[in-house]
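Heads up, the thing below is written out as structure tokens.
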Number of protein chains: 2
Amino acid sequence: MSRAEQKERTRQAIINAAFSQLSAEKGFASLSLREVTREAGIAPTSFYRHFADMDELGLTLVDEAGLMLRQLMRQARLRIEKNGSVINTSVQTFMEFVADNSNVFRLLLRERSGTSAAFRAAVAREIQHFSAELAHYLRKQTECSAEQAQLQAEAMVTLVFHTGADALDAPKEQYAQLTRRTVLQLRWLAHGAASYGRKSQA
Amino acid sequence: MSRAEQKERTRQAIINAAFSQLSAEKGFASLSLREVTREAGIAPTSFYRHFADMDELGLTLVDEAGLMLRQLMRQARLRIEKNGSVINTSVQTFMEFVADNSNVFRLLLRERSGTSAAFRAAVAREIQHFSAELAHYLRKQTECSAEQAQLQAEAMVTLVFHTGADALDAPKEQYAQLTRRTVLQLRWLAHGAASYGRKSQA
DNA sequence: TAAATTAGCTTACAGTTGTAAGCTCAAAGT
DNA sequence: ACTTTGAGCTTACAACTGTAAGCTAATTTA
């Protein structure tokens, strides 16, 4: 095995260890370098061969999470093309993502309002991509100004994220209801933006 | 000074010390008992005369924050009666609260998705009160079912909270724009809920 | 007035943390 | 074949954490 190959392998081991230690009870802030390296199977000080400090690891995790979000969008896009209903399919897909990758979603959710400005900015950027894609769809479906579409998309993402957060603490039996409620909220928003915008082109 | 009086005084000193150590860079989780007692002017172990552990202190802080939220609502109510515009006045009032009590708002914002289930529940309860009051107003203004009003209120609170979070990282010059955008989102929501609900009484 | 209570103190300990210094030894470069 | 590089190791240290044990002194109660 080549040297670079091995290095990349332990790097991934560190990342995986970090992700696996995140949970409902443990956020990134309370992760310790020693615990992570212990799980990754290396000595504490070897950590520095890969990351300058825990913050650098954290930003890497956020990037990976953002990547997953983008994959999620791709998946949603496919399902929308088959299904047609943008709102319903999107929310459904997102809820599945939250259920299947709760640790990843929790990371984004927490660091969005966390104690590191760099983390907050990183998460905000990832969510921004997400909203921009949604805004693109909205413009295709309902014709309106780019600014309006963006504002509407941001509101929708905010509502969906919030529902995702609720889902983390709710039993699975409630997912359907949570989804239903959110879909209704989004429909109101879409409906209101369309008709209200027609009256006054703000 | 009576004994109970003095005790209450240092209890408040602890609470104040804790609040003052919260900041953009430091969340409740990274508060240390020793630091808090140092600022409160007592010995570390004296802490236990007032709280069983840091969690108990934290829940107290959340309660105090909820109290401030309720005061905020009362203030908003007064201003609405004079001003008339529910949405605009509410958002305005809320943004002032965030600006003037950013540490308090940050506490709620963070612990809402924090690592302690008890904290999350406590924050959720406070926000629930907030939404319920708003729902009450919505029912008076636009007639609709209680369930619809509640759902609409929750969406509005979610959007306003999110804007508050954005405001924490934004320069004050942007507050006006943030407010304007949010008001627009809320109007869409209100408008959509009214007209969409008329078509299909969900 | 004598006894009981208790807020706050001092001292102490065991555990954890991040990270500096320097070694080993296998892969990569020349 | 010889040298250089560098991933991972061991050891070590200073800083900090929460909290247990027990004392002091002042208020409260009997």
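Every chain is numbered from 1 and lettered A, B, ... according to where its sequence line falls, protein lines coming before strand lines. Since this is a predicted model, take the numbers as computed values, not measurements. Worth knowing before you read on, the calculation uses all heavy atoms, side chains too, and leaves out hydrogens, waters and symmetry mates.
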Atom [atom1] of [X] and atom [atom2] of [N]: how far apart are they, to the nearest Å?
X	N	atom1	atom2	answer
B:Gln6	D:dT28	CD	P	11 Å
A:Phe51	C:dT19	CZ	P	15 Å
B:Tyr48	D:dG22	OH	P	17 Å
B:Phe47	C:dG8	CZ	P	12 Å
B:Ile42	C:dA7	CD1	C1'	9 Å
A:Met54	C:dG18	CE	P	7 Å
A:His50	D:dG6	NE2	P	13 Å
A:Asp55	C:dG18	CG	P	12 Å

Minimum heavy-atom distance A:Ile127-A:Arg112, with the two atoms named: CD1-CD, 3.7 Å

Contact residues, residues 22-38 of chain A to DNA chain D [heavy atom, < 4.0 Å]: A:Arg34

Ring geometry between A:Phe105 and A:Phe97 (parallel below 30°, tilted from 30 to 60°, perpendicular above 60°): perpendicular

Parallel, tilted or perpendicular: rings of A:Phe161 and A:Phe130 (30°, 60°): perpendicular

Distance (rounded to the nearest 0.5 Å) between A:His129 NE2 and A:Leu67 CG: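 Between atom NE2 of A:His129 and atom CG of A:Leu67 there are 11.5 Å.
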
Comparing A:Arg49 and B:Thr45 on DNA chain D - which has the more 5′ nearest nucleotide: A:Arg49

5' priority, DNA chain D, between B:Ala52 and B:Ala4 [closest heavy atom]: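 Looking at DNA chain D, the more 5' nearest nucleotide goes with B:Ala52.
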
Neighbour count >12 (heavy atoms, 6.0 Å) for atom NE2, A:His136: no

Short side-chain donor-acceptor distance under 3.5 Å, A:Gln75 and A:Thr93: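 Their side chains do not contain a donor-acceptor pair, so the 3.5 Å distance test is not met.
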
Any donor-acceptor N or O pair under 3.5 Å, side chains A:Glu154, A:Gln150: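 Side-chain D/A pair, A:Glu154 to A:Gln150: present.
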
Phosphate-side-chain proximity, B:Thr10 and C:dA7, N/O vs OP1/OP2 below 4.0 Å: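 So the side chain of B:Thr10 is outside the cut-off, no N or O lying under 4.0 Å from OP1 or OP2 of C:dA7.
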
Side chains of B:His191 and A:Trp188 in contact at under 4.5 Å (non-hydrogen atoms):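 Of all side-chain heavy-atom pairs linking A:Trp188 with B:His191, none is under 4.5 Å.
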
Can you tabulate the close N/O pairs, meaning under 3.5 Å, that link protein atoms to atoms of nucleotides 3-5 of chain C?
from	atom 1	to	atom 2	distance (Å)
C:dT5	O2	B:Arg3	NH1	3.3

Partner of A:Glu133 by salt bridge (Lys or Arg N to Asp or Glu O under 4.0 Å), out of A:Lys140, A:Arg139, A:Arg77: A:Arg77

